[in-house]
Amino acid sequence: MTERAERFDPRTYEAGWRERWEADDLYRADDEDPRDKHYLLTMYPYPSGDLHIGHWYAATGPDIVARMRRMQGLNVMFPMGFDSFGLPAENAAIDRGVHPAEWTEQNIERMRIQFRSMGCMFDWSREVVSSDPAYYRWTQWLFLQFFKAGLAYKQMAAVDWCPKDQVVLAREQVEGADRHCWRCGTPVVKRELEQWFLRVTRYADELLDFSGIDWPEPIRLMQTNWIGRSEGAEVDFAVEADGAEPIRVFTTRPDTIFGATFMVLAPEHASVAALTSDERRAEVEAYAAAARRETEIERMGAERERNGVFIGAHAINPMTEERIPIWIADYVLPGYGTGAVMGVPAHDDRDYDFAKRYQLPIRYVIMPRGGEVPSEGAFLPHTDDEVLIDSGDFTGMAASDAIPAITEELAERGQGEAAISYKIRDWLISRQRYWGAPIPIVYCDEHGPQPLPEDQLPVLLPRDVDFAPTGVSPLQSHAEFLAASCPVCAGPARRETDTLDTFVDSSWYFLRYTSPHEETQAWDPVALMRWMPVDLYTGGAEHAVLHLMYSRFFIKALRDMHHLDFDEPFRALRNQGQILGADHHRMSKSRGNVVNPDDLTSRFGSDTVRCFLMFIGPWDQGGPWNPSSIEGVHRFLGRVWAVAQAGGSGGDEAASRSLRQAAHRAIKEVGEDYGEFHFNTALSKLMELTNALGSARDDGLAGTDAYAEAVDTLLLLLAPMAPHISEELWSRRGKPYSIHQQTWPEFDLALVASDMIELPVQVDGKLRDRLVVAPGTAAEEIERLALASERVQGYLKGRAPRKVVQIPGRLVNIVTPGE
RNA sequence: GGGCGAGUGGCGGAACGGCAGACGCGCCGGCUUUAGGAGCCGGUGUCGCAAGACGUGCGAGUUCGAAUCUCGCCUCGCCCACCA
């Protein structure tokens, strides 16, 4: 009876469908489409050479959602491009003598082909390549806008320097306890250099506001902590020296000021030299010099002993009017607050350690209510309910009230004010490297640094340069590039040779996708307003304080420059987990644990690899690579192949009702799961539907309308996850091309609900029996049935229940009177 | 040191106040096959012949009822790390 279906072999049809989709421009997002727009984006990759399994994992999730949204009637844009400036290209040039441009282009070529083999619905007509002059011209233009708005500036600064890559790094690019370079892992050192910065700090407060955007809590927390807002006060301490300016400290605990028994300055503090007494000078200078020489690692080590040097000068505590000694110590950081702190050893553990070491006085000024001053002079940790003691007029006041009260008192006296400090620093964007967008600035002896006129953009990267890493940009030895003329006086000028951090490129690429072929402007404002903001963005959580924060900053700054009128780039954000190597370590060429997806696709086909990746576990979790169950997923697609082509003539319509119910439940649940990025459970439900179809076929239902409807439903629901097999089977069933242009099925609520429900019956919370009742059965009836149960009777032993708990449609729990 | 998250069968995981272990892998048994492979059917948390008991890192608590909520501890992962 049943025809023997053709053997399931994805290799016979997958590539053919991809070619047809592409030839038909099936996935092109049309600006003029009247339907609601939906901009779905996944982070564009660096073209490192080969697509690895992590790229597949990252892209398949949003591709599924994009495909479903399209079937649900939205005008979906799902673009892809390449983040193609950056160090690896230059390293390849150094190691292998290939030009970075060539290396990058070859990699992009290869990755485009590999990307296409995934069967994603990327709209390649919108591709953006950040190292293309047609793109970086506008990156340079954006830099000029920031410069003109006062948001880009050049300054000497102690910066993080990677001695291996010979380049400065942004603070966000220095990682780990040993303060290493995010690219090569080499510990960084500090260097005083003149560098370009973008004024992110101006937006610190606004960046703390996540209202109106749907972002994962961990990312919001990471950004919040990175920005590190602290409320407190700045307080002036007069200095006991002729004509000396007062020294301003920052504190979050002005309520402890009566306990300030010393002051500590950062060794780099501007007042140190002038205040140091002659007899202390040699020691102070030696200490400051040693602090300067030390690397970040040594200085930042948390376990490190706190040490410092008395500089031979005194300040006056503005509240107690006592003389307190001024020290320098490297536990005070020059870049945070005012670079000076008041030492309150009784209530700050760092100050406590310091005071202990140098026998400085410890004075208790805050006590838990009813507490006692420790006789041994121990450190008193902070508690919720504290009052001030030994604090002049403020004695007896609750600490929480004393903070504003003392701040106000100081302000009235002109000795301080409420103040807020942030940990975040301005974003260092200049790089002494070749393979990046040149910074469009020229230096004139007469007129200093000048922005290039916009009509001189792009500043093209010359091809013939020497790539040996010397610590200065390779562009510095390129005479032709260097020569420029001053935009003010037309006299000879020297071109800036630093290039922009690649994170500048990626801070706006999502804007360019809206009108990627625009030649006269960075974007077409109409297209921009049509598509932005991005409705759903996906990518790795490792960009929390890098790309994801910089992009928010860019949008807010561009809004204030009136280039656009929304506040956030990405309305919703989802992070995928990381696929680790089988050895549970990050995949890397040096470890040899990289999984090549091409081998898997040539064996199983793209659909199997896509489904398998989505089946591993929750998409936001990732996990170590373990291909042992890929065969099972492949078998599943084989079963789909078989049930979709099973033939039959008629069958029992009445018996097929449960099959219809299975199909409609799948519509509801698979759709919900896709929307919530629960691809693993979506697939398990597709498997259940497939298994139900298999049983139905074995029961002779293959010829019924219900069977046909269930198969169609299965294919439509599977289409986002396994686009090829669903198209192939759809076509074999004689349905109109393309399945990806069909409407997402709707479920019938009446079919989603069960005809009969099985209620667990518990006795004292333990499962003892089950009742099968029609939905909507009255509670009294259910209680009667439950109490009538033989097994329940056995536990009640003739006693009346103490209580009967019923959760309608869920369960019955009978509580016995107890012993 | 601080913050966040996670600990469930042999494995990946499901359930996230209401039937623990969906779905799949693996394993065991069977059918089919000359054989291997593939495929199909059945079984598979632990102890127990069974009835049943016990089970979600450990310990307490809340609740009629806890893998799920609360507190403490242990382990692992990620982020930040002398930020006054």
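Throughout, a chain's letter reflects where its sequence line sits, starting with A, and its residues are numbered from 1. These numbers were taken from a predicted model, which means no experiment stands behind them.
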Q) If you check every side-chain atom of R770(A), which of A84(B), C19(B), A53(B) has the closest atom? A) C19(B)

**Q.** Length of the line joining D673(A):CG and C23(B):C1', which is rounded to integer Å
**A.** 12 Å

Q.
Using a 4.0 Å heavy-atom cut-off, does N691(A) contact any base of the nucleic acid, only the sugar-phosphate backbone, or nothing at all?
A. sugar-phosphate

Q | Atom pair distance, as rounded to whole Å: CG in L689(A) and C1' in A22(B) | A | 15 Å

Q) With a non-hydrogen cut-off below 4.0 angstrom, is I616(A) in contact with a base, only sugar-phosphate, or nothing? A) sugar-phosphate

(Q) Mind checking if R220(A) touches a base, just sugar-phosphate, or nothing, with heavy atoms under 4.0 Å? (A) nothing

Q. Which of these nucleotides, G18(B), C19(B), C23(B), is closest to any side-chain atom of E758(A)?
A. C19(B)

Q. Do D620(A) and N575(A) get their side chains close enough for a donor-acceptor pair, meaning under 3.5 Å?
A. no

**Q.** Residues E676(A) and R574(A) bridged, charged N to O under 4.0 Å
**A.** no

Q. When you check the phosphate oxygens OP1 and OP2 of A14(B), does a side-chain N or O of N680(A) lie under 4.0 Å from one of them?
A. yes

Q: Identify which nucleotide among C79(B), G3(B), G12(B) has an atom closest to any side-chain atom of N225(A), counting heavy atoms from C-beta outward.
A: G3(B)

(Q) Looking only at the side chain of Q621(A) (C-beta and beyond, no hydrogens), which of the listed nucleotides G18(B), C79(B), G13(B) gets closest? (A) G13(B)

Q: Quick one: label G228(A) by what it contacts on the DNA or RNA (base, sugar-phosphate, nothing), any heavy atom closer than 4.0 Å.
A: nothing

Q | Rounded P spacing from C16(B) to C23(B) in Å | A | 16 Å

**Q.** Cation-aromatic face contact R552(A)/W215(A), 6.0 Å, 45 degrees
**A.** yes

Q.
Within the 4.0 Å heavy-atom criterion, would you say L221(A) contacts the bases, only the backbone, or no part of the nucleic acid?
A. sugar-phosphate

Q: Would you kindly give the CG-to-C1' distance between N626(A) and G24(B), to the nearest whole Å?
A: 12 Å

Q: Answer yes or no: does a side-chain N or O of Y331(A) lie under 4.0 Å from OP1 or OP2 of A84(B)?
A: no

Q. Base, sugar-phosphate, or nothing for R586(A), non-hydrogen atoms under 4.0 angstrom?
A. nothing

Q.
Please classify the nucleic acid contact of R639(A) as base, sugar-phosphate, or nothing, using heavy-atom distances under 4.0 Å.
A. sugar-phosphate

(Q) Starting the side chain at C-beta, find the nucleotide from A20(B), G39(B), A22(B) nearest to R635(A). (A) G39(B)

Q.
Would G10(B) be called syn or anti here, given the cut-off of 90° from 0?
A. anti

Q) Any side-chain donor-acceptor pair under 3.5 Å between N307(A) and Y287(A)? A) yes

Q: Remember a base hit wins even if backbone is also touched, and classify Q762(A) as base, sugar-phosphate or nothing at under 4.0 Å, heavy atoms.
A: base

Q.
Strictly below 4.0 Å, N to O, side chains only: are E386(A) and R253(A) in salt-bridge contact?
A. yes

Q | Nearest-Å distance for atom pair NZ/P, residues K685(A) and G24(B) | A | 14 Å

**Q.** d(CD, Q806(A); P, C64(B)) in whole Å
**A.** 17 Å

Q: For C11(B) and G2(B), measure between their C1' atoms and round to the nearest Å.
A: 35 Å

Q | Nucleotide nearest P618(A) (side chain, heavy atoms from C-beta), chosen from G39(B), G12(B), A14(B) | A | A14(B)

Q) Is S629(A) touching bases, backbone alone, or none of the nucleic acid, heavy atoms closer than 4.0 Å? A) sugar-phosphate

Q: Taking the side chain as every heavy atom from C-beta outward, state whether V761(A) and L811(A) have any pair of such atoms under 4.5 Å apart.
A: no

Q.
From CG of D698(A) over to P of C41(B), roughly how many Å is that when rounded to an integer?
A. 7 Å

Q.
Using ring centroids (six-membered ring only for Trp), state whether W327(A) and Y358(A) fall under 6.0 Å.
A. yes

Q: Tell me which nucleotide among C79(B), A81(B), A84(B) gets nearest to the side chain of W226(A).
A: A81(B)

Q: Quote, to the nearest angstrom, the P distance that separates G9(B) from G55(B).
A: 14 Å

Q) Does G13(B) have OP1 or OP2 sitting under 4.0 Å from an N or O in the side chain of S684(A)? A) no

